[in-house]
Amino acid sequence: MQSYILYVVLLSVMWTSSLALKEDECEVCVKTVQRFADTLSDDVKKDPKKIEDEFKVFCKGQKNKEQRFCYYLGGLEESATGILGELSKPLSWSMPADKICEKLKKKDAQICDLRYEKQIDLNTVDLKKLKVRDLKKILLDWDETCDGCLEKTDYINRMEELKPQYTRTEL
């Protein structure tokens, strides 16, 4: 009988630990929820409805992966569904971002499928070795365009022109 109880306890511990987020899992969720939580004032932190309203305002300025995260939660006007209550209530209880993301993952697994792309070190990379789509992505991240760019060399020239504004050279 004792071995049966030990087995059940061990099984439940293993099952519970398998639900916990692993390192770098849900990275967009955890970072976005933490950034959002840091913007909340003390009077807003206790009211789930105010948190939801603030999250909708927060989402308007987001782009890329964070914008997709906002879409999944229902923070954007064009969101098809909304599970903002799963974010606002735990935040009002001061739950940590990783635990909130565990709960969100149970509701919608694609929330944790969002991943940041690896950052390219523009000080050391040879732009000629990058693909055109990578060059376009960097320009998009900088909120810049390349009007009239048709070939890879056009994109490289535009990036070389803008590079001093967006990169820092540390001595």
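Values below: every heavy atom of this structure, side chains too, minus hydrogens, waters and symmetry copies. Computed from a predicted model, the values in this text were never measured in an experiment.
For F58, the ring pair (Phe, Tyr, Trp, His ring centres under 6.0 Å) criterion is met by F36, not counting sequence neighbours. The side chain to side chain donor-acceptor pair (under 3.5 Å) search around D108 returns Q110, not counting sequence neighbours. A search for side chain to side chain contact (heavy atoms under 4.5 Å, CB included) contacts involving D43 returns S41, not counting sequence neighbours. Partners of K137 under the side chain to side chain donor-acceptor pair (under 3.5 Å) rule, at least two apart in sequence or in another chain, are E117, D141. Every side chain to side chain donor-acceptor pair (under 3.5 Å) that D38 has, sequence neighbours left out, goes to Q34. Shown here are the side chain to side chain contact (heavy atoms under 4.5 Å, CB included) partners of R158, two or more places apart in sequence or in another chain: L139, E144, C146, E161, L162.
Aromatic ring orientation, W142 versus Y166: parallel (interplanar angle below 30°, classes split at 30° and 60°).
Hydrophobic clustering, with ILVMFWY side chains joined whenever heavy atoms are under 4.5 angstrom apart, keeps L135 apart from L140.
Distance check: K56 NZ to S79 OG gives 9.0 Å after rounding to the nearest 0.5 Å. For the atom pair L127 CG and K163 NZ, the distance stands at 5.0 Å (nearest 0.5 Å). Between the CZ atom in R68 and the SG atom in C59 there is a gap of 12.5 Å [rounded to 0.5 Å]. In this structure, CG in L91 is found 4.5 Å from CG in L87, a value given to the nearest 0.5 Å. Expressed to the nearest 0.5 Å, how far CG of L40 lies from NZ of K45 amounts to 6.5 Å. Within the model, atoms NZ of K103 and CD of E86 stand 7.0 Å from one another, a figure rounded to the nearest 0.5 Å.
Closest approach of L130 to K152, counting heavy atoms only: O-NZ, 2.6 Å. Across every non-hydrogen atom of L104 and F69, the tightest pair is CD1-CZ, 4.3 Å.
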Tell me, with the steps shown, if Q67 and L76 meet side chain to side chain contact (heavy atoms under 4.5 Å, CB included). CA-CA 8 Å; Q67 183 181 36; L76 300 174; 3.8 Å; yes

Taking it one step at a time, do K46 and S92 satisfy side chain to side chain contact (heavy atoms under 4.5 Å, CB included)? CA-CA 5 Å; K46 302 297 181 203; S92 70; 5.6 Å; no

Under the side chain to side chain contact (heavy atoms under 4.5 Å, CB included) rule, what do V44 and D53 come out as? Steps first, then yes or no, please. CA-CA 10 Å; V44 174; D53 293 340; over 6 Å; no

Does the side chain to side chain contact (heavy atoms under 4.5 Å, CB included) test come out yes or no for K136 and K131, once each step is laid out? CA-CA 9 Å; K136 287 181 179 180; K131 295 179 179 178; over 6 Å; no

Can you check salt bridge (Lys or Arg N to Asp or Glu O under 4.0 Å) on K105 and E25, steps first, answer last? CA-CA 10 Å; K105 182 181 178 183; E25 186 179 14; 2.4 Å; yes

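Environment of NZ in K63: crowded, with over 12 heavy atoms of neighbouring residues, nucleotides or ligands closer than 6.0 Å. Counting heavy atoms of neighbouring residues, nucleotides and ligands inside a 6.0 Å radius, atom CD of E160 exceeds 12 of them.
One side chain, E52 or S88, offers a donor N or O that lies under 3.5 Å from an acceptor on the other.
C29 pairs with C101 as a disulfide, the SG atoms being under 2.5 Å apart.
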